[in-house]
Amino acid sequence: MSEKTLGIIGGSGLYDLPGLEQRQEVVVETPFGMPSDALITGTMHGVRMAFLPRHGRGHRLAPHELPYRANLHAMKQLGMDCVVGISAVGSMKEELRPGHLVLVDQFLDRTRGRTLESTFFGDGCVAHAHFADPVWEPLRKLALGAARKAGATAHDGGTYVCMEGPLFSTRAESKLYRSWGVDVIGMTNLQEAKLAREAEIAYTTVALVTDYDCWHESEADVDVAAVIAVLKQNADLARSVVVELAKAIASSPRISAEGCMQHAIITQKDAITADARRRLQLLIGKYLG
């Protein structure tokens, strides 16, 4: 049986992952620079794991400053077949209350300045990955089950609108997004989902609701103090979800996104530059001959 692996990218409030056996801190260099921080590796219930605090320990990096490419490439270098992005989000629907979890299955992109950090490709090699279903459904279902086993109120499916930040929405923006029927709003997970697909990593998001953004007439507008208060409550729940997910992965068939880039490369092999081949070797080298 193939080794089971699971990478966790921890969002706001989740800067460490206790409970790992054979715990080590690993500094990973990638062709796309350094990731947000050193990664913590170890095992849990027989699953080999890697943890990365998305914003760095101490929360040093804003959403628009994150080295998304390096973060996902580092997970690939460490052999992670599956990666779960845990993220704080605002709710755009009454029934998605602070403290609830949403296992989203769609994204809308409202970012503006992240083109470079949204793809591994360009500059010598062009590829267009299939992205109609942006999260890996078998992994999402396992995460949903793990969340409910951990005692969370977990909602099955939803659309995550990814905004640029770092400021929160204006009231007009919040009402516009709500009119589109989206479920939650955040600033980080879409780029991770895109890069995971290009890296042939199965990816899903566990979205932890902290607030109602600023559309709600009877709830206070989102502010940092309120978000931090809910984050502290959510952090322990998120860790419990990770434990249950590790158990589920250990007892399930191996989940893999291998092969999803096989037909995505557009550039002719003899036209791919040497620098692009070097940069992309780990990701698509097996398709370049």
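Quick note: residue numbers are just sequence positions, from 1. Heavy atoms only: backbone and side chains are in, while hydrogens, waters and symmetry mates are out.
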Checklist entry - So, the side chain of E117 versus the backbone of R69: is there a donor-acceptor pair under 3.5 Å, distance only? => result yes
Item to check | Where R114 and M187 come nearest, the two heavy atoms and their spacing | outcome: NH1-O, 2.6 Å
Next on the checklist: Do L61 and P67 have side chains that approach each other closer than 4.5 Å (heavy atoms only, starting at C-beta)?
Outcome noted: yes
Next on the checklist: Any salt bridge linking D37 with R60? Criterion: basic side-chain nitrogen under 4.0 Å from a carboxylate oxygen.
Outcome noted: yes
Item to check | R239 side, atom CZ; L14 side, atom CG - distance, nearest 0.5 Å | outcome: 5.5 Å
Item to check | Residue pair E29 / Q77: nearest heavy atoms and the distance that separates them | outcome: O-NE2, 3.1 Å
Next on the checklist: Under the criterion side-chain contact (heavy atoms from CB on, under 4.5 Å), I'd like the reasoning laid out for D81 against R254: C-alpha separation, chi angles, the key distance, then a yes or no.
Outcome noted: CA-CA 9 Å; D81 291 323; R254 178 172 173 261; 3.0 Å; yes
Checklist entry - Taking NZ, NE, NH1 and NH2 as the nitrogens, is one of them in D16 or R23 under 4.0 Å from a carboxylate oxygen of the other? => result yes
Checklist entry - Hey, is CD on E137 packed in by over 12 heavy atoms from elsewhere, all under 6.0 Å? => result yes
Checklist entry - Would a hydrophobic clustering, with Ile, Leu, Val, Met, Phe, Trp and Tyr connected at side-chain separations under 4.5 Å, put V83 with Y15? => result no
Next on the checklist: Please determine whether the number of non-hydrogen atoms from other residues, nucleotides or ligands lying under 6.0 Å from atom CD of Q268 exceeds 12.
Outcome noted: no
Checklist entry - Considering only heavy atoms from C-beta outward, does the side chain of P98 approach that of Y212 to under 4.5 Å? => result yes
Item to check | Any donor-acceptor N/O pair, R48 side chain to E3 backbone, under 3.5 Å | outcome: no
Checklist entry - Is it true that V84 and L144 fall in one hydrophobic cluster, defined by side-chain heavy atoms closer than 4.5 Å? => result yes
Checklist outcome for this item: Closest non-hydrogen contact found for G33 with A70 is O-CB, 3.5 Å
Next on the checklist: For the residue pair S174 / D213, report whether a side-chain donor-acceptor contact shorter than 3.5 Å exists.
Outcome noted: yes
Item to check | Joint hydrophobic cluster, L52 plus L283, side-chain heavy atoms closer than 4.5 Å | outcome: yes
Next on the checklist: Please evaluate residues M261 and Y287 with respect to the criterion side-chain contact (heavy atoms from CB on, under 4.5 Å), reporting the C-alpha separation (whole Å), side-chain torsions for both, the decisive distance (0.1 Å), and the verdict.
Outcome noted: CA-CA 9 Å; M261 292 297 292; Y287 303 131; 4.1 Å; yes
Item to check | Test: K247 and E244 ion pair at under 4.0 Å | outcome: yes
Checklist entry - Do T210 side-chain atoms and V89 backbone N/O form a donor-acceptor pair below 3.5 Å? => result yes
Checklist entry - Does R197 reach the main-chain N or O of H130 with its side chain, forming a donor-acceptor pair under 3.5 Å? => result yes
Item to check | Which atom of C125 lies closest to which atom of I284, heavy atoms considered | outcome: SG-CD1, 4.1 Å
Checklist entry - So, do H64 and P166 sit near enough that their side-chain heavy atoms are less than 4.5 Å apart? => result yes
Item to check | Minimum heavy-atom distance between I9 and M75, given as atom pair plus value | outcome: CG1-CE, 3.9 Å
Next on the checklist: Determine whether D105 and D133 satisfy the following criterion, side-chain contact (heavy atoms from CB on, under 4.5 Å), listing intermediate values before the conclusion.
Outcome noted: CA-CA 7 Å; D105 55 7; D133 299 302; over 6 Å; no
Item to check | Expected output: side-chain T170 to main-chain E173 donor-acceptor under 3.5 Å | outcome: yes
Item to check | Side chains of L245 and L6 in contact at under 4.5 Å (non-hydrogen atoms) | outcome: yes
Checklist entry - Hey, are T119 and E198 close enough side-chain-wise for a donor-acceptor pair under 3.5 Å? => result yes
Item to check | F120 and H73 aromatic ring geometry - parallel, tilted or perpendicular at 30°/60° bounds | outcome: perpendicular
Next on the checklist: Hydrophobic clustering (ILVMFWY, side-chain heavy atoms < 4.5 Å, transitive) - are M80 and V243 grouped together?
Outcome noted: no
Item to check | Side-chain (T267) to main-chain (V126) donor-acceptor, under 3.5 angstrom | outcome: yes
Next on the checklist: Return the OG to CG distance between S118 and D109, rounded to the nearest 0.5 Å.
Outcome noted: 6.5 Å
Next on the checklist: Can you confirm whether more than 12 heavy atoms, excluding those of K175, are under 6.0 Å from its NZ atom?
Outcome noted: no
Checklist entry - What's the spacing between L101 CG and L237 CG if we round to 0.5 Å? => result 5.5 Å
Checklist entry - Would you find a donor on one side and an acceptor on the other, under 3.5 Å apart, between the side chain of R54 and the backbone of L66? => result no
Next on the checklist: Working to the nearest 0.5 angstrom, can you tell me the gap between Y177 OH and R110 CZ?
Outcome noted: 4.5 Å
Item to check | NZ/NE/NH1/NH2 to OD/OE distance under 4.0 Å, E94 and R178 | outcome: no
Checklist entry - Hey, does V161 have a side-chain heavy atom less than 4.5 Å from the side chain of V184? => result no
Next on the checklist: Students often mix this up, so state it plainly: with edges at 30° and 60°, are the rings of H55 and H59 parallel, tilted or perpendicular?
Outcome noted: parallel
Item to check | Euclidean distance, M163 CE relative to L190 CG, rounded to 0.5 Å | outcome: 13.5 Å
Next on the checklist: Is there a side-chain contact between M49 and L20 in this structure, where contact means two heavy atoms from C-beta onward sitting under 4.5 Å apart?
Outcome noted: yes
Checklist entry - Roughly how far apart are L39 CG and F51 CZ, rounded to 0.5 Å? => result 9.0 Å
Next on the checklist: If the threshold is 4.0 Å, N to carboxylate O, is there a salt bridge linking R112 and E164?
Outcome noted: no
Item to check | Under-4.0 Å salt bridge between K141 and D156 | outcome: yes
Checklist entry - Are E25 and R57 ion-paired here, with the side-chain N under 4.0 Å from a carboxylate O? => result yes
Item to check | Closest non-hydrogen atom pair between T205 and N189, with its separation | outcome: OG1-ND2, 3.0 Å
Next on the checklist: Taking D123's backbone N and O only, do any of them form a donor-acceptor pair with R279's side chain (distance below 3.5 Å, no angle check)?
Outcome noted: yes
Checklist entry - Is L17 reachable from V241 through a run of I, L, V, M, F, W or Y residues, each pair having side-chain heavy atoms under 4.5 Å apart? => result yes
Item to check | Side-chain (K4) to main-chain (S252) donor-acceptor, under 3.5 angstrom | outcome: yes
Checklist entry - Under the salt bridge (charged side-chain N to carboxylate O under 4.0 Å, His left out) criterion, do K286 and E200 qualify, and how do the steps go? => result CA-CA 12 Å; K286 59 183 176 288; E200 298 189 334; 2.9 Å; yes
Item to check | side-chain contact (heavy atoms from CB on, under 4.5 Å) evaluation trace for M92 with D183 | outcome: CA-CA 5 Å; M92 306 305 289; D183 296 272; 5.9 Å; no
Item to check | Beyond-backbone contact of P31 with R278, side-chain heavy atoms, under 4.5 angstrom | outcome: yes
Next on the checklist: Under 3.5 Å, is there a donor on one side chain and an acceptor on the other for D275 and T273?
Outcome noted: no
Checklist entry - Do Y203 and W136 touch side chain to side chain, with heavy atoms closer than 4.5 Å? => result no
